[in-house]
Participant: 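Submitted below is the structure of interest, expressed as structure tokens.
Since we're looking at a predicted model, the values are computed, not measured. Each chain gets a letter, A, B and so on, in the order its sequence line appears, and its residues count up from 1.
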Protein chains: 2
Amino acid sequence: MSAPSPQRLRADARRNRDGIRRAALDVFRVRGLATSLEEVARVAGVSKGTIYHRFGGRPGLIDAVVDDLVGDRIAEIIADVESLADPLARFETYLRQIWLLQFDEPAVNDVLLQLMPESRPSTAHCEQASQFAQRLLADAQAAGSVRDDLTGEDLYQLIWERGIIARACDQQSRDSYERRLGFVLHGLRSGV
Amino acid sequence: MSAPSPQRLRADARRNRDGIRRAALDVFRVRGLATSLEEVARVAGVSKGTIYHRFGGRPGLIDAVVDDLVGDRIAEIIADVESLADPLARFETYLRQIWLLQFDEPAVNDVLLQLMPESRPSTAHCEQASQFAQRLLADAQAAGSVRDDLTGEDLYQLIWERGIIARACDQQSRDSYERRLGFVLHGLRSGV
DNA sequence: TCATTACTTGACTGCACAGTCAAGAACCGT
DNA sequence: ACGGTTCTTGACTGTGCAGTCAAGTAATGA
């Protein structure tokens with residue numbers, strides 16, 4: 001089922017492997033990780049049999065591109081947040097950015113939704129994002145800015161929910177989507 | 001395209017029409033309005049051709065059952081809310097009940113999501129629910145209990161969002177779903 | 001340059017569903 | 001009990017995707 005990996009690929013095979021990877025990056029970035037492999041093959045200019053032969057199917061292909069698709073995006077947000085001092089601002093900025101990222105990048109969204117729970121790299125990105133959120137939550141709660149009864153699990157669910165929504169938002173405006181984030185964040189604060 | 005309607009149906013036709021209606025009620029209630037007509041036909045014990053012949057396809061069938069599927073459920077909630085005095089309680093109870101209804105009844109959810117914008121009866125139910133919400137919102141805002149910047153459109157979107165989520169919640173517990181409703185409602189209140 | 005092996009192709013199966021229609025079955029009034 | 005009409009059937013077409021594989025093609029190294 002998984003990809004063959006002789007030390008040296010034949011020249012045409014290497015060319016195709018790279019072309020497929022590039023096509024997958026383009027296509028998955030815009031339309032998400034569930035896009036048909038036929039589409040990827042068309043964009044890469046190969047037949048889909050080649051994708052199956054080289055990558056062993058969708059899981060293998062995703063494993064081969066997911067780091068490029070997701071790694072930087074989440075890292076940027078974390079870096080961004082690290083520059084803030086106030087725990088509440090850190091918490092809210094992080095969530096807001098992740099939620100917007102889910103809207104802007106279907107592929108990242110699919111990862112955060114755990115669309116492919118079998119994929120190690122995907123799962124790793126998802127956990128990283130989730131655990132960072134939980135750290136920010138703890139700090140914000142310690143500072144008394146966020147509801148005490150909010151749990152790490154809740155947070156994961158809130159991210160999951162946004163993902164499901166972002167996915168369905170196809171033709172909805174980003175502004176409208178973002179507007180609602182404010183309401184949700186407001187609901188997580190402590191106090192009345 | 002639409003259903004034939006001679007004054008008197010033949011006996012077998014009447015029997016089948018009723019059987020199909022009953023099957024559609026059962027099946028749609030549990031699995032939503034997008035369930036395949038093949039499934040409805042199987043449950044009704046007829047061939048799907050009969051459904052097309054009698055109801056003219058999914059839209060016609062839905063029009064024939066949507067009132068029974070939805071009418072009472074929303075009416076009950078409205079009646080329930082009418083018995084409350086406090087504007088905030090009315091507002092929050094209503095939203096919470098509608099949101100739970102969306103979880104419990106896929107068919108109602110599909111209606112509130114405007115899955116079939118062509119269907120008059122469906123659209124009517126949807127608007128009724130939405131307009132009642134807007135009235136409660138206005139009252140609660142007048143009493144100063146709910147954020148001033150919340151609009152009727154926001155409210156519709158919030159219901160839509162829950163619908164999308166409820167739909168994806170297949171194997172998630174109702175408790176977990178309900179727990180999050182509390183956070184959202186909290187975010188709609190005025191004050192800090 | 002040629003045999004060997006790696007690689008690619010596209011046609012194939014399989015699945016699930018929408019929607020259609022000619023042929024046959026069931027009903028109803030006389 | 002039969003003719004005319006209504007109704008039902010199920011096989012058919014069409015769509016779109018997953019995944020497979022025998023046969024053909026192209027790189028490689030001796």
Participant: How would you list, by chain and number, every residue that makes a side chain to side chain contact (heavy atoms under 4.5 Å, CB included) with B/Arg90, sequence neighbours excluded?
Facilitator: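 B/Val81, B/Glu82, B/Leu84, B/Leu136.
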
Participant: Please list, by residue number, the residues of residues 12-19 of chain A whose heavy atoms come closer than 4.0 Å to an atom of DNA chain C; answer none if no residue qualifies.
Facilitator: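 Contacts with DNA chain C under 4.0 Å: A/Asp12, A/Ala13, A/Asn16.
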
Participant: To the nearest 0.5 Å, what is the distance between CZ on A/Phe183 and CG on A/Leu188?
Facilitator: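 Output value for this atom pair is 13.5 Å.
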
Participant: Could you work out, with side chain to side chain contact (heavy atoms under 4.5 Å, CB included) as the rule, every residue matching B/Ser83, not counting sequence neighbours?
Facilitator: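 For B/Ser83 there are no side chain to side chain contact (heavy atoms under 4.5 Å, CB included) partners, ignoring immediate neighbours.
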
Participant: Listing request: all ring-ring contact (aromatic ring centres under 6.0 Å, His included) pairs with a residue in residues 102-146 of chain B, at least two apart in sequence or in separate chains.
Facilitator: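 Listed once each, the pairs are B/Tyr94-B/Phe132, B/Phe103-B/Tyr177.
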
Participant: Start at the 5' end of DNA chain C and walk down; is the nucleotide closest to B/Arg10 or to B/Thr35 reached first?
Facilitator: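 Here B/Thr35 is the residue nearer the 5' end.
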
Participant: Sort and list the pairs that fulfil side-chain hydrogen bond (donor to acceptor under 3.5 Å, both in side chains) and have at least one residue in residues 29-38 of chain A, not counting sequence neighbours.
Facilitator: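 Counting only pairs at least two positions apart or across chains, the side-chain hydrogen bond (donor to acceptor under 3.5 Å, both in side chains) contacts touching residues 29-38 of chain A are A/Glu38-A/Lys48.
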
Participant: OP1 or OP2 of D/dC7 less than 4.0 angstrom from a side-chain nitrogen or oxygen of B/Arg54, does that happen here?
Facilitator: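 Yes.
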
Participant: Within the structure, does a side-chain N or O atom of B/Arg58 lie under 4.0 Å from either OP1 or OP2 of C/dA18?
Facilitator: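 So the side chain of B/Arg58 is within the cut-off, an N or O lying under 4.0 Å from OP1 or OP2 of C/dA18.
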
Participant: Check nucleotides 10-13 of chain D against the protein and report each pair of N or O atoms closer than 3.5 Å, with its distance, or say if there are none.
Facilitator:
none

Participant: Can you pull the ring-ring contact (aromatic ring centres under 6.0 Å, His included) pairs that have at least one residue in residues 136-160 of chain A, sequence neighbours excluded?
Facilitator: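 Residue pairs with at least one partner in residues 136-160 of chain A: there are none.
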
Participant: Only counting residues at least two apart or in another chain, list the ones meeting side chain to side chain contact (heavy atoms under 4.5 Å, CB included) with B/Asp104.
Facilitator: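 Expected list: B/Leu100, B/Arg174.
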
Participant: Just to verify, what does B/Arg22 make a side chain to side chain contact (heavy atoms under 4.5 Å, CB included) with, not counting sequence neighbours?
Facilitator: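 Residues passing side chain to side chain contact (heavy atoms under 4.5 Å, CB included) with B/Arg22: B/Asp18.
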
